[in-house]
Amino acid sequence: MGYWKSKVLPKIKKVFEKNTSKKAAAAAEATKSFDDSKEEYNKVFEEKKTELQTKVVEIYEASPTEIKSLVKERKEGGLKKNTTEVHKFLEELVKIDFPGSKAASEASSKFGPTLASSSVFFVFEKVSTFVVTEEKEEKGESKTEETSSTVVQEREIVVEEEKKEDEKAQVIETSGEKKVEEQPAEAAVKEEEKSTEAAEKEEAAKA
């Protein structure tokens, strides 16, 4: 056991460290190469933006929640946890010739998404421009629908109130008409009573 710790283990560590440092150096080289091409990727992205939008949104919608979160909030911890999903997502973007996706996918496959995070996040950032726009539009539409339904409800309330007011006015008018009709009738009865009394007085006077 002492021999393993003192002789073998240090040698394994050295080999591992050498490999790690070589891998990191190669990843840094790939990242530098990618950074040098960013301007070209941006140019192609702007040219193909309209053509890419629908395809990118379809790929994004079909992706797992972890990838959707990574596209919106780009964190290295998320890359480490979801290596397989990141590879798959990048491969789908390569199929539609998304600018920078091929180089990012190759770097991610060779060195892992964490060491190639700069390249991967560049692609994710470009993807997010489509996704955020799409979601904003959806939210805007739902707000418009809510506003229109509120307006309709308010109109219905106003119409109902107007109907009630009209009904009240009709009731008042009809009751007023009844009173007007009753008054002449009462006056006629009183006139008849007066004329009858006058006739009786005249007869009494003659007698």
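These numbers were taken from a predicted model, which means no experiment stands behind them.
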Side-chain touch Leu90/Ser109, heavy atoms, less than 4.5 angstrom: no
Distance-minimising heavy-atom pair for Thr83 and Pro113: CG2-CD, 3.5 Å
Stepwise side chain to side chain contact (heavy atoms under 4.5 Å, CB included) check, Val123 with Tyr41: CA-CA 9 Å; Val123 174; Tyr41 294 144; over 6 Å; no
Qualifying residues under salt bridge (Lys or Arg N to Asp or Glu O under 4.0 Å), relative to Lys68, sequence neighbours excluded: Glu61
Shortest non-hydrogen contact from Phe121 toward Glu76: CZ-N, 3.8 Å
Residue pair Lys75 / Leu70: nearest heavy atoms and the distance that separates them: O-CD2, 3.4 Å
Evaluation steps, side chain to side chain contact (heavy atoms under 4.5 Å, CB included), between Asn42 and Glu46: CA-CA 6 Å; Asn42 281 323; Glu46 290 302 323; 5.7 Å; no
Minimum heavy-atom distance Val127-Leu93, with the two atoms named: CG2-CD1, 3.9 Å
Euclidean distance, Lys88 NZ relative to Ile67 CD1, rounded to 0.5 Å: 10.0 Å
Asp35 and Lys38 ion-paired at < 4.0 Å: yes
Co-membership, hydrophobic cluster, residues Phe45 and Val94, 4.5 Å side-chain: no
Aromatic contact, Phe122 with Phe34 (centres under 6.0 Å): yes
Shortest non-hydrogen contact between Pro99 and Val44, atoms and distance: CG-CG1, 3.8 Å
Residue list, side-chain hydrogen bond (donor to acceptor under 3.5 Å, both in side chains) with Ser105, at least two apart or on another chain: none
Stepwise salt bridge (charged side-chain N to carboxylate O under 4.0 Å, His left out) check, Glu92 with Lys95: CA-CA 5 Å; Glu92 289 300 316; Lys95 287 176 187 177; 3.1 Å; yes
Over 12 non-hydrogen atoms of neighbours within 6.0 angstrom of CD in Glu29: no
Separation of Phe130 CZ from Ile59 CD1 (nearest 0.5 Å): 10.5 Å
Separation between OG1 of Thr129 and CD of Gln53, rounded to the nearest 0.5 Å: 8.5 Å
Sidechain-backbone polar pair: Ser101 side chain, Asp97 backbone, donor-acceptor under 3.5 Å: no
Heavy-atom check, side chain of Asp36 versus side chain of Lys32, under 4.5 Å: yes
For Arg74 against Phe124, the heavy-atom pair lying closest together: CD-CB, 3.9 Å
Greater than 12 external heavy atoms within 6.0 Å of Lys102's NZ: no
Contact check, side chains of Glu85 and Ser63, non-hydrogen atoms, under 4.5 Å: no
Working for ring pair (Phe, Tyr, Trp, His ring centres under 6.0 Å), residues Phe98 and Phe89: CA-CA 11 Å; Phe98 193 89; Phe89 187 68; 8.7 Å; no
